[in-house]
Amino acid sequence: MGADPTFTFPTIVRHTLGNGLRVCTIEHRSVPVITFSLQIEGGSGADPAGREGLAAIVADMADEGTGSLTALEVSDALARIGADYDVDVGGDVTDYTLTTLTRFASRGAALLADIVTRPSLLESEFMRVRQMRLDRLRQLKDVASAVAERTFLRLLYGSHPYGHLAIGTDASLRRVTPDDVVSFHAGSLQPSRATLIVCGAMSHEELLHEAEEAFGGWSSVAGDTAGAPPASEVAPGSRAVTTLAVVQRESAAQSELRIGQLATRRVTPDYPALLVMNAVLGGQFVSRVNLKLREEKGYTYGARTNFDWRRGISPFVLQTSVHTASTADAIADSLSEVAAVRGMRPPTDAEMLLAKASLTRGYPRGFETAQQVARSVAVLSMYELPDSYFEEFVPKVNAVTSADVVAAASRHLDPARLTTLIVGDYSAIADSLRSLNLGEPELHAADF
Amino acid sequence: MTSLDIDLPFTKRTLANGLDVIVHEDRHVPIVAVNVWYHVGSKNERPGRTGFAHLFEHLMFEGSEHYNAGYFPPLQQAGALLNGSTNADRTNYWEVVPTSAIDRALWMESDRMGYLLPALTSQRFETQRDVVLNERRQSYENRPYGMVMMALSAALYPPDHPYSWMTIGSAEDIRAMQLEDVQEFFRTYYHPSNASLVLAGDLDTERAFELAEAYFGEIPAGVRPQRVSHHAELSGEQRLVLEDRVELPRVYIAWHSPAMFAEGDAEMDLVGDLLANGKTSRLYKTLVYDMRIALDVSGYQSSREIGSFFLLVATAAPGHTLSEIVERIDEEVGRVADQGPTAEEMDRAVAQAEAHFMYRVQTVGGFGGKSDQLNAYNVLKGTPNYFVADLNRYRNARPESVQGAARHHLRLDRRVMLSVIPRGRPTLALAGSTPVTVS
């Protein structure tokens, strides 16, 4: 194989508008397409206790009518410029992203500004949006992976602001009022709490001009937004760890599994070592967990691990869906793989080479489209990482040693604190679970 | 509105053994996409042997004669992203590699095209059979509404029609497969004259053809398999009901429609947009937004090589019935068939089509990237030179042609209506529905 090709990472130019809005411009010229991505402080972790799901309702309602446009007119305007519009409500921030053709840049920017800064937030639309979300929750009860995701967050975080899905619960959605929506919007959607990323086939000056024209008139609402501290600053309570939990799913063909624990923050200095560890353990097809559970045993269509990164303490999770009859065996193999990477079986030279190479050699691939670049810059903004981050990524990963991986795994993973959750047919697997010696399982309902 | 300057240029040559090679240069990022299509899918299977093409795809990742181990490690070590997929019409495989690793990717692809069988052991075969059975459990059996497409396929097509079964196949057939069947399948379908290779990205065109010749030129041609053809039509309205682990009833309405790229195919795609794509679409606006009798609605033209189907799907909002929903759907379908779309609706649909064609040429590799596009056109249309013509099918559609397609294909007396209902609640189905079982 030849030498790794050189790649020039995009240059980010930073600006601040008069209203305090931070703007990042990035020239990206392969195709006449432009992406605007507005990142606002506060995601589902900012939901007031008892009103879980509020942040997501606000995000959902943003395009349900703005200024003089009705909800259907907003949708029509988006369609007329072929826009790809999406909102992502994370634990810490909410990203509003619009991609369109460069020739529609001004119309796209103006629409996004309308959506974010001037939504109508009508009570009638609120009732409709909330009802749709309640109905969706009802449907999610039948989706094994959704049940697993919801239950696992609650098992790990308890009542912590990260302990719920963005959609909330039936009870919490019913408590949300139209006034909650208006005040949450006013408190959180302010230029001083936002970063706009503009990436497309124009010069930095032109990109900045588009941002200025659309967002320059966005004025800061008076009033303090402090309220509750950000979710990332709330320490998870020192709860007793649930070792084994089951959500009954009668005659399920498979058991949906989650095995994990709260680990560390995204900004840990161990981040590169943990990335490599994850690649060895479960981050890619050839990782230990997938090779064992899928390629050696045939228990599953696939198994993987990942860190669900947030600004605050983030979970490490192994997830898979296995044939009901193989449930206990698959759990035993998974637990032993997680334990082994802490020292019993440190990554071999070959595994280290493979993990690092796949992380570093494939890195430029993530900078092909305007949307990909905007998303990468949004990550820098969210974690306040330096602009040199992209350039430093490869050398930092390459510097990780097998001993670093073992040390990082020992610091952040503790087999005694792992929680195993099964969404599956308990009556069919109860006997086999005893062989795991994890104690009697906690039984949970598929509540939403 | 001015037309977009949008194109997907390429150079195509065919090697002596029949392998089509297509090259597209794009130097923006130092990566190259390798994309191979084999013109075989589940429609080349026969009853009792379903699920074969897809299980075979799994085996292509388990090693070949000169690299007798898993396909992933050497490529992931080179920084590649890779995958494969099977549908009714074709099987595709792709890698996106740093420019420096192009030789490795081509070596690996050529070895499994030419020399797979010596490495295929019964143990590998049996493990992947279990993996596929688990894929079936995960993606179909254990998922709400997961068995619907099996029931619909069986209702739309007679049992000997190759679209009457799903690509995943029946669990019984998968269990019954033998290693010898797999070997026979490879010899029939996996060879250069039934394949098409695209190289797209950061490489010189002439160099790309030299590499293709060097790695693939020696593989024996094989016999080009016979093309599959089959006809199907519905003689009336068929009403079916399927019980599932779901909370809310949902109705699926399916019609036969023109094959991929055939006359009326793009129009039916536009009918799908008009009826059910986005909040401004007619069914969304009526059923979900205004009347709130449905929780969601979707619809699309599912274009396939020897015949397509057009599908509308709506889930009843709590307290509402499927028959209320179907009544409105029939009204809206009738309105499109009688009056066609408005000029405004056409403008919007074409603007969206143009934008989406542009978004499709943002990446060189992966599912749906430029390399996959070129192969789709080459294999299913017979020439890679179809990108602009494809877009023009949408630009040239007229309100009358869209109306005509809807009137011709969306007949209320020639369709399948499938009610999916919570277990034990048969009264929630449309009146006169016959129970179906799928496993």
Side-chain angles (χ1 to χ4, degrees), chain A residues 1-7 29-33 71-72 75-76 78-84 99-101 128 131-132 135-136 138-139 141-144 252-254 256 284-286 291 294-301 321-323 353-354 357-358 360-365 367-370, chain B residues 2 4 26 28-31 70 72-73 76-81 96 98-101 103-104 126-135 137-139 141-144 202 245-248 278-280 285 288-289 292 295 315 317-318 347-348 351-356 358-359 361-364:
Chain A
M1 220 163 49
D4 291 343
T6 54
F7 179 65
R29 294 186 178 275
S30 59
V31 176
V33 164
L72 293 183
S75 177
D76 183 59
L78 288 168
R80 284 179 181 284
I81 59 170
D84 180 5
T99 298
T100 187
L101 305 176
R128 195 176 57 77
Q131 189 56 48
M132 289 188 67
D135 294 339
R136 197 164 304 142
R138 196 169 148 180
Q139 293 185 296
K141 275 198 285 197
D142 297 319
V143 182
Q254 284 190 323
E256 185 82 33
Q284 50 185 355
F285 187 89
V286 295
L291 290 184
R294 169 179 158 136
E295 294 294 284
E296 187 185 325
K297 304 285 183 78
Y299 292 155
T300 176
Y301 180 43
S321 184
V322 301
H323 186 201
L353 195 66
L354 201 159
S358 74
T360 57
R361 294 203 174 118
Y363 195 57
R365 207 190 318 119
F367 295 84
E368 212 180 351
T369 73
Chain B
T2 55
L4 282 172
D26 176 343
H28 286 97
V29 180
I31 55 177
F72 277 77
Q76 289 200 320
Q77 188 170 324
L81 193 65
V96 180
T99 308
S100 55
D103 281 273
R104 180 173 296 191
E126 278 152 28
T127 302
Q128 287 308 309
R129 190 164 58 187
D130 286 344
V131 170
V132 167
L133 284 167
N134 272 309
E135 179 177 0
R137 293 182 189 111
Q138 182 174 335
S139 304
E141 299 165 29
N142 201 31
R143 182 169 287 187
D202 179 28
R245 187 201 303 265
V246 297
E247 289 281 319
L248 298 169
K279 287 180 194 154
T280 45
K285 186 177 175 309
V288 182
Y289 193 85
R292 304 186 194 179
L295 200 56
T315 309
D347 284 351
R348 193 172 64 209
Q352 284 183 295
E354 289 202 332
H356 285 109
M358 186 64 91
Y359 298 152
V361 296
Q362 293 184 98
T363 53
V364 294

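Everything numeric in this text was worked out from a predicted model, so none of it was measured. Every chain is numbered from 1, with letters handed out A, B, ... down the list of sequences.
- Between chain A and the options Thr99(B), Asp130(B), Leu295(B), heavy-atom pairs under 4.5 Å are most frequent for Leu295(B).
- Neither the backbone nor the side chain of Ala353(B) has a heavy atom closer than 4.5 Å to any heavy atom of chain A.
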Q.
Before you tell me yes or no, could you show the steps for Gln76(B) and Leu354(A) under side-chain contact (heavy atoms from CB on, under 4.5 Å), namely the whole-Å CA-CA distance, both residues' side-chain angles and the distance that decides it to 0.1 Å?
A. CA-CA 7 Å; Gln76(B) 289 200 320; Leu354(A) 201 159; 4.1 Å; yes
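- Of the two parts of Arg245(B), the backbone and the side chain both hold a non-hydrogen atom closer than 4.5 Å to a non-hydrogen atom of chain A.
- If you measure heavy-atom distances from Tyr359(B) to chain A, the contacts under 4.5 Å come from the side chain alone.
- Residue Val364(B) touches chain A through both its backbone and its side chain, counting heavy-atom pairs closer than 4.5 Å.
- With rounding to the nearest 0.5 angstrom, the CZ atom of Arg365(A) is 4.0 Å from the CG atom of Leu81(B).
- For Gln131(A) and Asp135(A), the side-chain atoms include at least one donor-acceptor pair closer than 3.5 Å.
- One side chain, Gln284(A) or Ser358(A), offers a donor N or O that lies under 3.5 Å from an acceptor on the other.
- Ranked by non-hydrogen atom pairs under 4.5 Å with chain A, the options Asp26(B), Val29(B), Thr280(B), Val131(B) are led by Val131(B).
- Contacts between Val286(A) and chain B at a heavy-atom distance below 4.5 Å involve backbone atoms as well as side-chain atoms.
- Taking Ile81(A), Thr99(A), Asp84(A) one by one and counting their heavy-atom pairs under 4.5 Å with chain B, the maximum is reached by Thr99(A).
- At a 4.5 Å heavy-atom cutoff, Thr360(A) makes no contact with chain B through either its backbone or its side chain.
- Looking at Asn134(B) and Gln254(A), their side chains come closer than 4.5 Å, going by heavy atoms from C-beta outward.
- Heavy-atom neighbours of Lys285(B) NZ from other residues, nucleotides or ligands within 6.0 Å: at or below the threshold of 12.
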Q: Start with the C-alpha distance between Glu368(A) and Gln362(B), add both sets of side-chain angles, then the distance that settles side-chain contact (heavy atoms from CB on, under 4.5 Å), and finish with yes or no.
A: CA-CA 7 Å; Glu368(A) 212 180 351; Gln362(B) 293 184 98; over 6 Å; no
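- For a residue to count as touching a neighbouring chain, one of its non-hydrogen atoms must lie under 4.5 Å from one of that chain's; by this rule Phe285(A) touches chain B with backbone and side chain alike.
- Across Glu126(B), Glu247(B), His28(B), the residue that shares the most heavy-atom pairs under 4.5 angstrom with chain A is Glu247(B).
- Heavy atoms of Ala101(B) lying under 4.5 Å from chain A belong to its backbone as well as its side chain.
- Chosen from Gly362(A), Ser30(A), Ser321(A), the residue pairing most often with chain B at heavy-atom distances under 4.5 Å is Ser30(A).
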Q.
Between Tyr301(A) and Arg294(A), does the side-chain contact (heavy atoms from CB on, under 4.5 Å) criterion hold? Intermediate values first, please.
A. CA-CA 6 Å; Tyr301(A) 180 43; Arg294(A) 169 179 158 136; 3.7 Å; yes
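- Rounding to the nearest 0.5 angstrom, the gap separating the CD atom in Glu141(B) from the CG atom in Leu133(B) is 8.0 Å.
- For a residue to count as touching a neighbouring chain, one of its non-hydrogen atoms must lie under 4.5 Å from one of that chain's; by this rule Glu256(A) does not touch chain B.
- Both the backbone and the side chain of Arg348(B) come within contact range of chain A, judged by heavy atoms closer than 4.5 Å.
- Contact annotation for Gln128(B): only side-chain heavy atoms (C-beta onward) come within less than 4.5 Å of a heavy atom of chain A.
- Here the side chains of His323(A) and Arg137(B) are in contact, with some heavy-atom distance below 4.5 Å.
- Proximity to chain A is limited to the side chain of Leu248(B), based on heavy atoms less than 4.5 angstrom apart.
- Top candidate by heavy-atom pairs under 4.5 Å with chain A, chosen from His356(B), Arg104(B), Glu135(B), is Glu135(B).
- For the atom pair CD1 of Ile31(B) and CZ of Phe367(A), the computed distance is 11.5 Å after rounding to the nearest 0.5 Å.
- One finds the CZ atom of Arg361(A) at 7.0 Å from the CD atom of Gln77(B) (value rounded to the nearest 0.5 Å).
- By number of non-hydrogen pairs under 4.5 angstrom with chain A, the leading residue of Gly278(B), Ala317(B), Gly70(B), Pro98(B) is Pro98(B).
- Heavy-atom distances place both the backbone and the side chain of Asn142(B) under 4.5 Å from chain A.
- Of the two parts of Val33(A), only the side chain, counted from C-beta on, holds a non-hydrogen atom closer than 4.5 Å to a non-hydrogen atom of chain B.
- Arg292(B) has its side chain within reach of Arg128(A): a pair of non-hydrogen atoms, C-beta onward, lies under 4.5 Å apart.
- Most heavy-atom pairs under 4.5 Å with chain A: of the set Ser139(B), Ala80(B), Pro30(B), this distinction falls to Pro30(B).
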